[in-house]
Amino acid sequence: MNVITLTADAWEAFLASLYERDDRLDLRRDGETYARDETVDAWVMSGHAEALRSADLDGDVWGTLEDIEETAGDEEEAWAKIRAFYLERGCVLVQVQGYDEPEDWILTEALARRLGLTPA
């Protein structure tokens, strides 16, 4: 299972190290100039995640569960099924620790690698 655990500070630093241009998320490079609207925050990142569970953003756990044609009795069970579905398909789970509520992000392996979360 490919699970990456970050502190809240490391997550914020990670987001700050990214930019989005033409719907593509990538790493900032030293010496390059980036427009203000290319800044990446959790909301921008959510558009690139396969699934997410966050206190600040609506990850639509129930809609995602429906998309993968599963059912669950509660949100914890729903998230467990979503997590298993994507991890079985090679995705990466990023767990952010240090917030009051769970902060979990599921990214494709290719995106996680391009963003430097997993080895190239």
Handout entry: Backbone N/O of Pro119 and side chain of Arg113: donor-acceptor pair under 3.5 Å
Key =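 Checked: no pair found.
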Handout entry: Sidechain-backbone polar pair: Ser54 side chain, Glu103 backbone, donor-acceptor under 3.5 Å
Key =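 Answer holds: no.
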Practice task
For the pair Glu69 and Lys81, find out whether any cationic side-chain nitrogen is under 4.0 Å from an anionic carboxylate oxygen.
Solution key: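 Salt bridge flag = no for Lys81 with Glu69.
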Practice task
Output yes when Arg24 and Asp26 qualify as a salt bridge under the 4.0 Å nitrogen-oxygen rule, no when they do not.
Solution key: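 Yes, charged N to carboxylate O under 4.0 Å.
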Please report the interatomic distance [atom1]([X]) to [atom2]([Y]), rounded to the nearest 0.5 Å.
| X | Y | atom1 | atom2 | answer |
| --- | --- | --- | --- | --- |
| Arg83 | Gln95 | CZ | CD | 7.0 Å |
| Leu107 | Asn2 | CG | CG | 10.0 Å |
| Glu38 | Asp22 | CD | CG | 8.0 Å |
| Arg29 | Tyr34 | CZ | OH | 6.5 Å |
| Asp37 | Arg21 | CG | CZ | 9.5 Å |
| Thr108 | Arg114 | OG1 | CZ | 7.5 Å |

Practice task
May I ask you to test the Arg89-Glu50 pair for a side-chain heavy-atom distance under 4.5 Å?
Solution key: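 They are not in contact (no side-chain heavy atoms under 4.5 Å apart), so the answer is no.
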Problem - Side chain to side chain, Trp11 and Gln97, heavy atoms closer than 4.5 Å - result: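 No. Closest side-chain heavy atoms not under 4.5 Å.
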Do [X] and [Y] sit in one hydrophobic cluster, given that two such residues count as connected whenever their side-chain heavy atoms are within less than 4.5 Å of each other, even indirectly?
| X | Y | answer |
| --- | --- | --- |
| Val96 | Ile4 | yes |
| Tyr86 | Leu25 | no |
| Leu93 | Leu115 | no |
| Phe14 | Val92 | yes |
| Phe85 | Trp105 | no |

Handout entry: CA sep, side-chain torsions, deciding dist, call: Asp41, Glu20, side chain to side chain contact (heavy atoms under 4.5 Å, CB included)
Key = CA-CA 10 Å; Asp41 58 12; Glu20 183 188 52; over 6 Å; no
List the atom of [X], the atom of [Y], and the distance in Å for their closest heavy-atom pair.
| X | Y | result |
| --- | --- | --- |
| Trp62 | Gly73 | CH2-C, 4.5 Å |
| Gly90 | Glu109 | O-CB, 3.1 Å |
| Ala51 | Thr64 | CB-CG2, 4.1 Å |

Is it the case that over 12 heavy atoms from other parts of the model lie below 6.0 angstrom from the [atom1] atom of [X]?
| X | atom1 | value |
| --- | --- | --- |
| Asp74 | CG | yes |
| Glu66 | CD | no |
| Asp67 | CG | yes |

Problem - Trace of the side chain to side chain contact (heavy atoms under 4.5 Å, CB included) decision for Arg53 with Glu76 - result: CA-CA 10 Å; Arg53 179 173 69 160; Glu76 280 301 315; 2.9 Å; yes
Practice task
Can you spot which of Leu57, Leu52, Leu15 makes a side chain to side chain contact (heavy atoms under 4.5 Å, CB included) with Met45?
Solution key: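 Option passing the side chain to side chain contact (heavy atoms under 4.5 Å, CB included) with Met45: Leu15.
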